[in-house]
Amino acid sequence: MGKTYERIDGRLRTFIEAQPLFFTATAPLSGDGTVNLSPKGLTGSFAVLDELTVAYLDFAGSNAETIAHLRENGRITLMWCAFQGPPNIVRVHGRGEPVFRDDPRFGELLTHFPGIDPTPHGLRAIIVVTAELVRDTCGYAVPNMSYGEDRDLHAKRFAREDDASLSAYFEKKEHVETSLDGLPGLPLPLPPSSV
């Protein structure tokens, strides 16, 4: 039932770009480390950069497990499920890198996300993923669910922050600068934006 693809294009690209939700999975190298699985959404915060590269905006939150794991070992899997229409699951297994706000590449990468204003969301980094394995599977057991709209709570919460207050917020959180397993997470104080 599953099929492997050499690139993200055509029907596969159309499918993943149309999904309002995807999941990221990462883990530290330590065998007893904490595996992380995170839902990602917000319309316009994901982009296909080319046939083997995707990226998404990493916004403010109460931890930074994905960033910490990527800084340690780079392994990441992204997954999209069809909750409407024909059943399908697509996974991109690959290597990821957090590109922080002070990185010279940050400004150019940000141009790939014209459909969202990242300002009210406390943008921390852009996660860039290079695909090593692209597969789809049937998704027959995934339920049909209706998408209503993005929640506006994230923007309402973080729109009132500037760089200084956002850094202070992150510094108060136990697992932003370091992961649950003590790995380096988000560099603090928050680097200034290169744009």
Side-chain angles (χ1 to χ4, degrees), residues 2-9 12-13 15-17 19 21-42 45-81 89-113 118 121-137 170 173-195:
K3 184 176 176 183
T4 300
Y5 299 85
E6 292 188 12
R7 62 188 57 86
I8 303 165
D9 62 2
L12 201 62
R13 179 175 180 160
F15 172 76
I16 65 176
E17 288 181 329
Q19 303 312 307
L21 172 71
F22 67 99
F23 300 89
T24 67
T26 58
L29 292 175
S30 170
D32 61 351
T34 305
V35 175
N36 187 63
L37 178 64
S38 295
K40 302 293 179 187
L42 295 178
S45 65
F46 172 83
V48 177
L49 305 186
D50 62 41
E51 293 179 337
L52 290 175
T53 314
V54 299
Y56 67 89
L57 302 178
D58 180 73
F59 293 124
S62 57
N63 66 44
E65 295 302 297
T66 300
I67 286 175
H69 296 159
L70 294 180
R71 290 181 72 187
E72 184 201 37
N73 62 63
R75 298 176 306 164
I76 189 168
T77 298
L78 307 179
M79 183 182 77
W80 296 262
C81 299
I89 298 171
V90 173
R91 291 179 181 87
V92 171
H93 307 266
R95 309 296 292 176
E97 174 191 11
V99 176
F100 297 114
R101 297 164 14 138
D102 58 347
D103 188 299
R105 300 170 294 169
F106 189 84
E108 190 279 324
L109 285 169
L110 199 55
T111 66
H112 292 278
F113 304 91
H121 296 285
L123 181 59
R124 306 186 300 189
I126 299 172
I127 306 298
V128 178
V129 177
T130 302
E132 295 178 337
L133 177 65
V134 181
R135 290 192 43 83
D136 71 354
T137 53
F170 292 145
K173 296 294 181 182
E174 187 176 0
H175 299 296
V176 171
E177 191 169 20
T178 58
S179 74
L180 292 167
D181 302 311
L183 297 172
L186 185 69
L188 294 176
L190 193 64
S193 177
S194 62
V195 294

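Atom set for the values below is all heavy atoms of this structure, side chains included, hydrogens, waters and symmetry mates excluded. Residue numbers run from 1 in the order of the sequence given. Since the structure is predicted, the reported quantities are computational estimates derived from the model, not experimental observations.
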Close side-chain approach of [X] to [Y], heavy-atom, < 4.5 Å:
X	Y	answer
N63	L180	no
P39	L21	yes
L57	L110	yes
E72	S30	no
V48	D9	no

Using the side chain to side chain donor-acceptor pair (under 3.5 Å) criterion, which residues pair with [X]? Sequence neighbours excluded.
X	answer
E132	none
N73	R75
T26	H69
S62	none

Does the [X] side chain pair with the main chain of [Y], one donor and one acceptor, at a distance under 3.5 Å?
X	Y	answer
R135	R91	no
R101	L123	yes
S45	G41	yes

Run the side chain to side chain contact (heavy atoms under 4.5 Å, CB included) test against [X] and tell me which residues pass, sequence neighbours left out.
X	value
L12	Y5, V90, V134
S38	T24, N36, K40, T66
A55	L49, F113, I126, V128
H121	L42, F59, I116, H154, A155

**Prompt:** With sequence neighbours excluded, what pairs up with F15 under the ring pair (Phe, Tyr, Trp, His ring centres under 6.0 Å) test?
**Reply:**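 Testing F15 for ring pair (Phe, Tyr, Trp, His ring centres under 6.0 Å), a comparison that skips the adjacent residues, returns none.
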
**Under the ring pair (Phe, Tyr, Trp, His ring centres under 6.0 Å) test, residues paired with F46 that sit two or more places apart** =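 Here the qualifying residues are F22, W80.
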
If you round to the nearest 0.5 Å, how far is [atom2] of [Y] from [atom1] of [X]?
X	Y	atom1	atom2	result
D50	I8	CG	CD1	8.0 Å
D103	L109	CG	CG	8.0 Å
E6	L133	CD	CG	11.5 Å
H175	L183	NE2	CG	11.5 Å
T77	F23	OG1	CZ	13.5 Å

Kindly give the heavy-atom pair with the smallest separation between [X] and [Y], and that separation in Å.
X	Y	result
A68	G185	CB-CA, 4.0 Å
A27	V35	CB-CG2, 4.1 Å
I89	C81	CG1-SG, 4.3 Å
G61	F170	O-CE2, 3.7 Å

**Asked** Does any pair with a residue in residues 173-186 pass salt bridge (Lys or Arg N to Asp or Glu O under 4.0 Å), and if so which ones, sequence neighbours excluded?
**Response**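 Of all non-adjacent pairs touching residues 173-186, none passes salt bridge (Lys or Arg N to Asp or Glu O under 4.0 Å).
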
**Item:** Inter- and intrachain pairs under salt bridge (Lys or Arg N to Asp or Glu O under 4.0 Å), touching residues 52-63, at least two apart
**Value:**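 Matches after skipping sequence neighbours: D58-R124.
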
